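On a predicted model such as this, the values are computed, not experimentally measured, just so you know. Here, residue 1 is the first one in the sequence, and each next residue gets the next number.
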Amino acid sequence: MPPQMPLLFPDAKTTDDISGSYRPLKPWLLSHLGKGRETYPAHPQTEQLESSILSWAADLGMSEDHIEIAAEATPGHLVGLFAPEAPWNVLLPLAKLQMILFWLNTVDLGSDQPVGHLVEPVRETLERGHSPSDGPDILRPLASLRDDIVAAEGAELIPGFTDLLLGFLHEYTARQAWENGEPLPSLDRYLRHRTRTAGIVLGMWVQRLQPGLIGPGERLPGPLLQLMKQGSLLVGLDNDLHSCHVAAESGERLSLVGVICQEYGIPVDVAFSGALTLNAVMRFENANTVASICADTSLSDAVRNHAQAIFHWVDSVYTWSLETPRYGLQSADSPGLVTRPCLNGSEWT
């Protein structure tokens with residue numbers, strides 16, 4: 001066993017008052033977090049998507065808490081940003097999925113509600129196409145989403161989607177243990193956890209319904225799977241940095257900043273710098289990955305286009321984060337949609 005590094009700050013309060021530390025750092029943090037990003041305009045069907053999601057939630061008989069979160073989270077705006085070229089029969093199931101994930105995060109998977117009671121009903125709902133009559137409320141929207149995916153000729157996406165969602169739920173078992181007093185995870189374990197719980201790979205999986213991408217029934221090349229994981233982690237890290245104060249104020253223990261404090265024995269304000277540096281490195285790696293895919297002439301145009309669609313997610317979700325009431329962040333000026341060209345290898349040498 002290697003010797004432990006001495007604490008740089010032996011008396012540091014390593015996980016206390018993340019929210020209090022965040023507030024004076026916010027302008028500095030957001031200015032660096034936004035460097036080199038593209039911000040995008042709202043989709044022309046945003047209002048129609050938002051209205052459709054609220055009507056859908058009401059028609060399903062979801063609770064007042066669920067409907068209130070649907071209004072606050074603006075899933076239609078989010079989907080319009082990250083899938084601007086998708087047709088309506090892809091945009092709507094994507095919006096439903098984002099709403100299901102918001103509901104799971106805020107209502108259905110609280111620290112006092114065991115995840116285990118959801119796993120088998122979720123599996124049954126997705127495999128059989130209908131929700132048990134006595135099952136949890138979240139199964140009704142999940143069954144509706146499955147119907148939409150199948151109707152859009154995406155039945156072959158269901159097994160992989162089921163595995164991804166069950167993996168998401170499995171990670172919540174660990175999260176609940178950490179929130180209920182278990183020692184926080186190592187940084188490596190937290191990054192693996194965040195890749196799965198950001199939920200982004202689920203959306204990217206369903207986006208395969210969009211024409212021009214690697215569709216249902218086609219094998220996803222390994223580089224695209226890697227890019228999906230990178231994008232999901234990056235969205236999770238962005239979220240940790242710009243909204244950790246919201247989580248801390250609600251009593252959550254688990255955060256990137258807190259894990260870095262524990263890992264390296266440093267105070268909170270220093271941990272913010274470390275988290276920001278990690279984010280920048282991951283963004284560089286993500287851009288490098290998509291550039292390599294686009295420069296690989298052995299890959300099809302569909303694979304190269306799909307890489308660009310995946311890459312588009314990170315800044316799109318960031319744009320939404322600045323604008324949604326969910327996080328209360330002040331929006332930066334939007335310079336307009338910029339279409340990134342497929343980079344060639346010489347631009348990365």
Side-chain angles (χ1 to χ4, degrees), residues 33-34 36-50 52-53 70 73-102 105 145 148-149 152 154 157 161 164 168 194-195 197-215 220 224-225 227-239 242-243 282-283 286-287 289-290 293 304-324 326-327 329 331-332 334-340 342:
L33 198 57
R37 294 195 187 256
E38 308 293 349
T39 54
Y40 302 104
H43 193 282
Q45 292 180 292
T46 294
E47 290 187 9
Q48 186 179 355
L49 278 167
E50 301 292 12
S52 295
I53 289 298
T74 60
H77 181 41
L78 172 58
V79 168
L81 290 169
F82 69 63
E85 298 179 11
W88 180 261
N89 70 332
V90 178
L91 286 170
L92 186 58
L94 281 170
K96 288 182 178 181
L97 170 60
Q98 295 309 309
M99 201 59 255
I100 288 168
L101 294 174
F102 289 139
N105 273 308
L145 171 62
D148 284 0
I149 293 172
L157 294 178
F161 180 83
L164 289 168
F168 174 92
R194 203 67 181 99
T195 301
T197 56
I200 299 303
V201 173
L202 282 158
M204 292 174 178
W205 193 262
V206 174
Q207 193 184 11
R208 294 174 63 191
L209 295 170
Q210 180 177 320
L213 306 183
I214 303 300
L220 271 179
L224 289 185
L225 289 169
L227 195 62
M228 285 181 172
K229 292 177 182 178
Q230 286 181 353
S232 188
L233 177 57
L234 256 176
V235 169
L237 297 184
D238 279 347
N239 182 271
H242 65 58
S243 66
M282 285 298 307
R283 285 175 59 192
N286 187 234
T289 301
V290 75
I293 293 171
R304 292 148 66 92
N305 290 339
H306 203 145
Q308 289 289 344
I310 294 169
F311 189 54
H312 185 81
W313 273 70
V314 176
D315 284 359
S316 299
V317 178
Y318 185 75
T319 299
W320 168 82
S321 299
L322 293 175
E323 298 171 349
T324 179
R326 186 173 176 84
Y327 300 129
L329 301 174
S331 177
S334 296
L337 177 61
V338 176
T339 301
R340 297 176 182 265
C342 208

Okay, side chain of [X], backbone of [Y]: is any donor-acceptor separation there less than 3.5 Å?
X	Y	answer
R37	T319	no
N89	A152	no
H77	L49	no
S316	L81	yes
S232	M228	no
R208	I214	yes
S243	N239	yes

For the student: nearest non-hydrogen atoms of [X] and [Y], plus distance:
X	Y	result
P75	A95	CB-O, 3.9 Å
A83	L94	CB-CD1, 4.0 Å
A73	M99	CB-CE, 4.2 Å
G212	N305	O-CB, 4.1 Å
A307	I293	CB-CG2, 3.7 Å

Report yes if some heavy atom in the side chain of [X] is under 4.5 Å from a heavy atom in the side chain of [Y]; otherwise report no.
X	Y	answer
L91	H43	yes
D315	T39	no
L78	F102	yes
F82	I200	no
W320	Q98	no
I53	L92	yes

How many angstroms lie between atom [atom1] of [X] and atom [atom2] of [Y], to the nearest 0.5 angstrom?
X	Y	atom1	atom2	result
K96	I149	NZ	CD1	10.0 Å
T195	L237	OG1	CG	7.5 Å
N286	L233	CG	CG	9.5 Å
L225	L220	CG	CG	5.0 Å
D148	L97	CG	CG	11.0 Å
R304	L224	CZ	CG	12.0 Å

Practice prompt. Given side-chain contact (heavy atoms from CB on, under 4.5 Å), test H306 with I310 step by step and report yes or no.
Written response: CA-CA 6 Å; H306 203 145; I310 294 169; 3.6 Å; yes
Item to complete: Step by step, work out the side chain to side chain donor-acceptor pair (under 3.5 Å) result for Q207 and W313.
Response: CA-CA 11 Å; Q207 193 184 11; W313 273 70; 2.7 Å; yes
Fill in: CA sep, side-chain torsions, deciding dist, call: D238, V317, side-chain contact (heavy atoms from CB on, under 4.5 Å)
CA-CA 9 Å; D238 279 347; V317 178; over 6 Å; no
Worksheet item: Are the ring centres of F168 and W205 closer than 6.0 Å?
Response: no
